[in-house]
Amino acid sequence: MIGYMKALQEIGVTYLGNVAQSMKMRLSYEHGTMTYCLYLAPWNMSGHNVCPKGQHCHEFCLNGSGQNKCDELARGIEGSKINRSRIKKTKLFYEDRARFMEILVHEIESKRARAKRLGYGFSVRLNGTSDLSPLAFRDPISGKNILEMFPDVQFYDYTKVYNRVKLMEQYPNYDLTFSYDGYNWEECEKFLQHGGKVAVVFYSENETLPKQFRGYNVVDANGYDMRYLDPKGSIMGLHYHKTANDYKSGKFVKPNTPFVIDLDSEIDVVWGF
Ligand code: SF4
């Protein structure tokens with residue numbers, strides 16, 4: 001792409017997406033796979049809602065964890081440099097899709113070439129902190145969506161939008177893990193019974209996981225992010241990561257929401273030590 005650096009400068013960001021920016025992606029990297037991941041501003045932070053089913057989870061979103069937890073606690077949600085950069089990227093997605101796609105395609109091509117050169121596997125996660133359909137990432141000239149543009153690349157996402165699971169039948173290079181939000185267990189169960197994987201977030205101070213949750217085996221999904229390698233029909237057990245929102249007057253307060261299973265009080269789990 002001619003003028004890639006200039007385009008980023010004009011937008012005011014250093015990249016759209018990247019590999020190994022977060023702990024989870026670094027773990028994937030250590031397991032031999034470079035994952036290009038895009039982090040947009042979640043829920044309606046940018047003025048555009050990128051999480052159609054985010055009403056029960058946005059307060060506890062991992063956007064406010066990790067490096068951004070420190071940034072938000074120091075500068076506030078609006079002052080956080082990470083949030084400001086994610087907002088710029090999200091606005092670009094809605095306000096100049098052609099330019100967004102040009103940069104996205106360029107970055108995926110260049111990271112894929114780098115992974116190949118270094119002998120790594122390669123995958124793409126478009127929704128690091130959003131829940132958009134991959135069909136919205138479409139080249140305005142050819143009309144092809146991103147999954148059709150890179151048929152040899154493994155794409156994957158987590159979603160709370162049940163209908164989207166149909167995309168896995170249409171596109172063999174797309175893998176989805178459905179996410180429990182505390183209120184959608186019926187959809188989770190339907191997905192599990194059709195051989196799907198369901199992500200559930202667990203909280204416990206010493207980061208343990210149960211053996212089973214509501215009758216389904218729990219797989220530890222914290223070692224890397226390549227969910228497409230995991231056994232189907234299982235619960236993907238994720239540890240809750242404390243976010244800036246959890247600190248009241250400087251003290252951590254346990255999340256009080258059915259989205260996060262509190263292992264001290266939950267009765268539907270089977271422990272296996
Ligand atoms: S859907 Fe995912 S990215 Fe969006 S607010 Fe909820 S947890 Fe965050």
Side-chain angles (χ1 to χ4, degrees), residues 16-18 21-25 28 35-69 71-73 77-78 80 82-94 124-137 155-165 167 174-188 191 196-203 221-222 225 227-228 235-247 254-262:
L16 265 195
N18 211 337
Q21 312 107 298
S22 68
M23 177 55 79
K24 207 70 180 295
M25 297 307 165
S28 292
T35 301
Y36 172 90
C37 186
L38 185 64
Y39 290 94
L40 298 178
W43 185 231
N44 55 13
M45 186 185 271
S46 66
H48 301 278
N49 188 354
V50 297
C51 304
K53 298 279 183 179
Q55 65 271 34
H56 303 300
C57 53
H58 67 95
E59 258 189 84
F60 310 93
C61 178
L62 58 78
N63 180 66
S65 68
Q67 214 184 322
N68 199 25
K69 179 174 80 181
D71 210 359
E72 284 192 358
L73 288 172
I77 289 178
E78 282 165 24
S80 146
I82 294 173
N83 285 346
R84 281 155 75 161
S85 163
R86 289 177 181 177
I87 286 170
K88 283 179 194 166
K89 293 172 191 181
T90 313
K91 285 192 167 168
L92 182 72
F93 178 80
Y94 283 97
V124 174
R125 181 174 164 189
L126 294 169
N127 291 289
T129 40
S130 53
D131 193 359
L132 292 167
S133 167
L135 305 188
F137 295 79
F155 286 77
Y156 72 99
D157 274 318
Y158 297 77
T159 188
K160 295 185 175 81
V161 181
Y162 188 77
N163 281 348
R164 215 168 281 157
V165 299
L167 291 176
Y174 193 46
D175 182 82
L176 269 176
T177 299
F178 192 67
S179 294
Y180 178 59
D181 73 356
Y183 297 87
N184 60 355
W185 180 248
E186 229 172 89
E187 288 175 326
C188 291
F191 194 47
K197 294 156 288 176
V198 168
V200 177
V201 183
F202 294 95
Y203 172 82
N222 299 283
D225 199 48
R227 290 286 73 83
Y228 48 91
I235 299 285
M236 304 290 108
L238 296 167
H239 297 311
Y240 179 69
H241 294 289
K242 295 173 183 173
T243 73
N245 280 343
D246 297 322
Y247 289 81
K254 225 163 51 162
N256 182 13
T257 162
F259 165 50
V260 181
I261 307 300
D262 180 354

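First listed ligand is number 1; within each ligand, the first listed atom is number 1. The basis for the numbers below is simple: all heavy atoms, side chains too, and nothing from hydrogens, waters or symmetry mates. Numbers here are sequence positions counted from 1.
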Exercise. Would you call Lys197-Asp175 a salt bridge at under 4.0 Å N-O?
Worked result: yes
Problem set entry | Thr159/Asp157 under side chain to side chain contact (heavy atoms under 4.5 Å, CB included): CA gap, chis, key distance, verdict | CA-CA 6 Å; Thr159 188; Asp157 274 318; 5.6 Å; no
Exercise. How are the rings of Tyr94 and His48 set to each other: parallel, tilted or perpendicular (split at 30° and 60°)?
Worked result: parallel
Exercise. Hey, is the main chain of Asp131 close enough, under 3.5 Å, to the side chain of Arg164 for a donor-acceptor pair?
Worked result: yes
Exercise. In ligand 1, which numbered atoms sit nearer than 4.0 Å to a non-hydrogen atom of Thr129?
Worked result: 3 (S)
For this session: Taking 2.8 Å as the upper limit, name the protein N, O or S atoms near atom 6 (Fe) of ligand 1.
Result: Cys57 SG
For this session: Please state whether Asn63 comes within less than 4.0 angstrom of ligand 1, counting heavy atoms only.
Result: no
Exercise. For the residue pair Trp43 and His58, does the interplanar ring angle fall in the parallel (under 30°), tilted (30 to 60°) or perpendicular (over 60°) class?
Worked result: parallel
Problem set entry | Verdict with reasoning, Tyr240 to Asp246, per side chain to side chain donor-acceptor pair (under 3.5 Å) | CA-CA 11 Å; Tyr240 179 69; Asp246 297 322; 2.7 Å; yes
Problem set entry | Derivation of the salt bridge (Lys or Arg N to Asp or Glu O under 4.0 Å) call for Arg125 and Asp225 | CA-CA 9 Å; Arg125 181 174 164 189; Asp225 199 48; 2.9 Å; yes
